[in-house]
Amino acid sequence: MSEFFSYTFIVNALIISVLCSISSALIGSWVVIKRKVLISGGITHASFGGIGLAYLLGLSPIIGSATFAVATAVGIEMLSNKGKLREDSAIGMFWSVGMALGILFISLSDGYAPDLLGYLFGSILATNTIDIISSAILSAFLIIWFIINYRKILYIAFDEQYAVSQHINVRLHNMILMILTALTIVISIRIVGIVLVISMLCIGQSAANNVTHNLKGIILYSFLFNMIACIGGILLSWWINIPSGATIIIILTLIYAIIALATGKKNIR
Amino acid sequence: MTARNLIEISHVSASYDGVDALDDVSINIKDGDFIGVIGPNGGGKTTLLKLILGLKKPDKGSINISEGLNIGYMPQQSEIDRMFPITVREVIYSGLMKFTDKSEKYLIDKYRNRYDELTQKMNIDSIADKTPGQISGGQFQKTLLCRSLISKPDLLLLDEPNTYIDKESEFELFQYLSKDSDVKAIMLVSHDIGTISQYVKTFACVNKGLYYHESNVITEKLLSQYKCPIQIIAHGDVPHTVLKHHNNV
């Protein structure tokens with residue numbers, strides 16, 4: 001075991017697991033109670049366009065994916081708010097256009113994109129100091145944001161129209177949370193990849209909602225479940241040489257299944 | 001002495017995707033009013049409430065709200081996710097969210113007595129820690145009513161308040177609203193003319209246009225004149241016959 005911890009990449013992976021579990025538990029709980037899971041899927045896949053553009057321009061993929069993810073979050077929120085487009089149609093559009101742009105940009109890039117598969121399916125063992133610092137900043141910001149705005153987040157998510165009637169700036173509040181969702185997704189992509197990241201935002205939270213009906217409880221339990229899945233996934237992938245991202249999702253799903261069986265509930269929203 | 005106008009709605013029109021919901025509607029809501037808003041489905045009743053609440057902007061006309069007016073609002077519960085992880089206590093205290101400059105602790109301390117009084121009156125004090133999914137439709141309706149009342153509003157807007165509650169609770173609810181509550185004016189939307197006519201003072205008949213009827217007694221003939229041809233169904237202790245006696249109103 002001491003040999004296991006002697007590798008820097010393993011320690012990095014464990015640190016980012018904890019940090020991503022914090023950010024995904026906070027944002028994922030909001031995503032689940034607000035029924036925004038599909039929007040998260042749209043943001044995630046649209047960010048692939050940014051990764052492709054970054055490859056083409058020789059920039060850091062994380063900058064490209066963050067730009068596309070935030071633009072998608074803002075775009076979906078604005079288009080569906082103005083009633084110009086149905087929300088699910090806006091999601092579908094951004095989702096497919098982002099993927100299409102990603103494929104196009106990568107095909108136009110010179111040479112081979114060596115860590116592309118890592119962005120698609122996750123590469124937690126390849127995380128570096130920049131990933132850890134950006135994840136730590138985001139997690140710290142989210143903790144502070146949720147502590148200060150907890151009641152507002154809960155009340156607006158429960159009844160948005162009522163909040164508008166009480167002169168609360170719901171549009172700005174939702175926009176900020178959508179941008180934070182986009183940034184959380186970008187950070188989590190390093191762990192489980194574009195294809196699987198949505199699960200970090202909903203499986204643990206749905207399992208937590210089977211244990212408790214309290215938002216604080218959902219956040220805490222989903223942090224615990226995500227962390228168990230991430231650390232368990234790293235250990236298993238190390239010991240039996242299987243892909244870490246997929247292993248994390250399977251463990252999360254097992255946690256959900258065990259809790260659903262134990263509590264007799266099947267709370268998938 | 002003339003009662004003070006709390007809200008002045010003047011020649012307001014509103015539409016959804018180019019389809020008129022309200023056309024040239026005018027009404028004043030005054031101190032002491034208890035107005036029942038009635039009309040057919042799609043006639044614009046809820047739109048009228050949404051305009052007052054600022055949830056929808058009028059295409060034409062003006063809505064003047066007296067300065068500092070505190071408006072309580074109870075939406076139809078069908079618009080709310082009953083599976084949401086929130087307790088009855090939290091739902092009721094969310095009625096204070098407009099006071100954004102005050103801390104949660106300050107608000108809970110200040111309104112604790114009000115919370116206790118309302119929940120005891122509505123008989124939901126024992127379910128404070130339950131979630132909407134764990135209580136009945138009637139209990140949830142009372143929870144939403146408590147939320148609309150906790151901030152001691154001047155004007156209370158209620159959208160179909162008696163949809164999910166039984167007859168006994170309905171009686172208690174309207175007794176409370178008409179006699180015991182400390183709001184200055186109430187406007188309530190309902191399909192149930194028979195029941196609300198026992199409690200409201202006046203009617204606003206809404207079917208794209210608005211006709212104000214300065215009495216709580218109304219007939220099908222009058223409703224027809226008001227271009228609001230809805231059938232009055234006998235209800236509870238107010239049968240058809242009572243309403244028919246007032247055909248000359």
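The sequence lines fix the lettering, A, B, ..., with proteins before strands; numbering per chain opens at 1. Just so it is clear, the structure is predicted and the values come from calculations on it, not from any experiment.
Proximity to chain A is limited to the side chain of B/Gln134, based on heavy atoms less than 4.5 angstrom apart. In this structure, the portions of B/Tyr93 lying under 4.5 Å from any heavy atom of chain A include both its backbone and its side chain. Proximity to chain A (any heavy atom under 4.5 Å) is shown, for B/Leu157, by neither the backbone nor the side chain. For A/Leu154, the parts sitting under 4.5 Å from any heavy atom of chain B are the backbone and the side chain alike. Using a 4.5 Å cut-off between heavy atoms, B/Thr87 makes no contact with chain A at all.
Salt bridge present: B/Lys184 and B/Asp154 bring a charged side-chain N and a carboxylate O closer than 4.0 Å. A salt bridge links A/Lys34 to A/Glu160: one of the charged nitrogens lies within less than 4.0 Å of a carboxylate oxygen.
Nearest approach of A/Val186 to A/Ala69, heavy atoms of both residues: CG2-CB, 3.7 Å.
Classification of the B/Tyr73-A/Tyr162 ring pair by plane angle, with boundaries at 30° and 60°, yields parallel.
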Original post:
What's the verdict on side-chain contact (heavy atoms from CB on, under 4.5 Å) for A/Val37 and A/Ile198, showing C-alpha distance, side-chain angles and the deciding distance?
Top reply: CA-CA 7 Å; A/Val37 174; A/Ile198 199 169; 3.8 Å; yes

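Between A/Glu87 and A/Lys36 there is a side-chain heavy-atom pair separated by less than 4.5 Å.
Ranked by heavy-atom pairs under 4.5 Å with chain A, the list B/Ile52, B/Leu55, B/Val91, B/Thr100 is led by B/Leu55. Of all the listed residues (B/Gly95, B/Ser151, B/Pro132), the one sharing the greatest number of non-hydrogen pairs under 4.5 Å with chain A is B/Gly95. For the options A/Ile218, A/Ile168, A/Leu215, heavy-atom pairs under 4.5 Å to chain B are most numerous at A/Ile168.
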